[in-house]
K.L.:
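After the structure tokens below, expect a handful of questions from me.
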There are 2 protein chains.
Amino acid sequence: MPKHVGEGSGSTDAALDSVFHALSDPTRRQVVERLGQGPATTSDLARPFDMALPSFTQHLHVLERSGLVTSEKKGRVRTYRLATQPLERVDTWLAVQRARWTRRLDQLDALLYDLKEQQR
Amino acid sequence: MPKHVGEGSGSTDAALDSVFHALSDPTRRQVVERLGQGPATTSDLARPFDMALPSFTQHLHVLERSGLVTSEKKGRVRTYRLATQPLERVDTWLAVQRARWTRRLDQLDALLYDLKEQQR
DNA sequence: GGGATAGTTAGGCACATGCCTAAGCATGTG
DNA sequence: CACATGCTTAGGCATGTGCCTAACTATCCC
């Protein structure tokens, strides 16, 4: 069982696992992009793709299981919506990484400055 | 062959595929977090994980193929460094999504405002 | 030069993934 | 009521993934 080496529980968060996994496929990323423009039905979402409907629906299932989208069925039509919280979680994780390497660069900068001062 | 539905080529970018895939695993995310604190050798990186070394090295290969890390061998020691550009690409993709759903919410806001004005 | 250290390569296994077709179900329409 | 539409479920297949052990190679050190 791996032990935590980073900050917080985010890095081992199963939710981040599934969100990154969901976004690792171009079809699913394009679905997320489309839903950013507003809700859409299964047929609407599937239309641009040259893929069998059951294959495409599997991608929607992956997105829903990861929490990136939610769906609601009315009659025979299922409508999907983007759920932004998982994307915000990815954003938070990235911000923590950026702060980390930026801090390191700042420290390197300060070190170089000190070395230059000593050489005067 | 899926046709583009989103903006730009980013969503179908194979590089984004592999970056998101690399980050979909908790072990690899922890490696990225550790490298944010500075370069480290294979042994350094592997130490916190209860995993056979060849298994762990495969994770490093996935990270390197995705471009998230680079490595350099000196003697028998291989040192890894974080390469931040792929994380910036993820950040860019997220920013585009956020702008998209924020724009949609702004439009919805404006619409509601207009409807309320009409009811006066 | 032999042993230790750091890492690599090869092959295997169980399971996951991403596509397919076929068949079926629920709802809507003329 | 028969047909159309929207979607679901089931099963299959080829490939990929994430772990393992065993054996090996390259480098370092006493």
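In the text below, chain A, chain B and the rest are named by the order of the sequence lines, each starting its count at 1.
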K.L.:
Could you list the donor-acceptor pairs under 3.5 angstrom formed by side chains in residues 78-90 of chain A, with sequence neighbours left out?
P.N.:
| unit_1 | atom_1 | unit_2 | atom_2 | d |
| --- | --- | --- | --- | --- |
| A:Arg78 | NH1 | A:Ser71 | OG | 2.9 |

K.L.:
So which atom in A:Val32 and which in B:Trp93 form the shortest heavy-atom distance, rounded to 0.1 Å?
P.N.:
CG1-CH2, 3.9 Å

K.L.:
To the nearest Å, give me how far apart CG (A:Leu53) and P (C:dT21) are.
P.N.:
12 Å

K.L.:
Should C:dA14 form a Watson-Crick or G-U wobble pair with both distances under 3.5 Å, which nucleotide is its partner?
P.N.:
D:dT17

K.L.:
Chain A on DNA chain D: first and last contacting nucleotide, 5' to 3', under 4.0 Å to a heavy atom?
P.N.:
D:dA4 to D:dT9

K.L.:
Tell me: CE of A:Met51 to P of C:dT21, nearest whole Å?
P.N.:
12 Å

K.L.:
Quick one, which residues of residues 56-77 of chain B touch DNA chain D with a heavy atom under 4.0 Å?
P.N.:
B:Gln58, B:His59, B:Gly75, B:Arg76

K.L.:
Any base atoms under 4.0 Å from A:Ser43, or only sugar-phosphate, or nothing? Heavy atoms, all strands.
P.N.:
sugar-phosphate

K.L.:
If two hydrophobic side chains count as joined below 4.5 Å and joins carry through other members, does B:Leu94 share a cluster with B:Leu68?
P.N.:
yes

K.L.:
Once salt bridge (charged side-chain N to carboxylate O under 4.0 Å, His left out) is applied, do any residues pair with B:Arg98, and if so which ones, sequence neighbours excluded?
P.N.:
A:Asp91

K.L.:
A:Ala52 or B:Tyr80: which one's nearest nucleotide on DNA chain C is closer to the 5' end?
P.N.:
B:Tyr80

K.L.:
For residues 25-44 of chain B, which residue pairs pass the ring-ring contact (aromatic ring centres under 6.0 Å, His included) check, not counting sequence neighbours?
P.N.:
none

K.L.:
Hey, mind stepping through A:Asp13 and B:Arg29 against salt bridge (charged side-chain N to carboxylate O under 4.0 Å, His left out) and telling me if it holds?
P.N.:
CA-CA 10 Å; A:Asp13 189 351; B:Arg29 273 202 315 280; over 6 Å; no

K.L.:
How is B:Thr42 classified with respect to the nucleic acid when contacts are heavy atoms under 4.0 Å: base, sugar-phosphate, or nothing?
P.N.:
sugar-phosphate

K.L.:
Nearest to the side chain of B:Thr41, which nucleotide is it out of C:dG7, C:dT8, C:dT17?
P.N.:
C:dG7

K.L.:
Mind checking salt bridge (charged side-chain N to carboxylate O under 4.0 Å, His left out) for B:Arg76 and listing every partner two or more places apart, or none if nothing turns up?
P.N.:
none

K.L.:
Would you compute the distance between atom CZ of B:Arg28 and atom CZ of A:Phe20 and round it to the nearest 0.5 angstrom?
P.N.:
11.5 Å

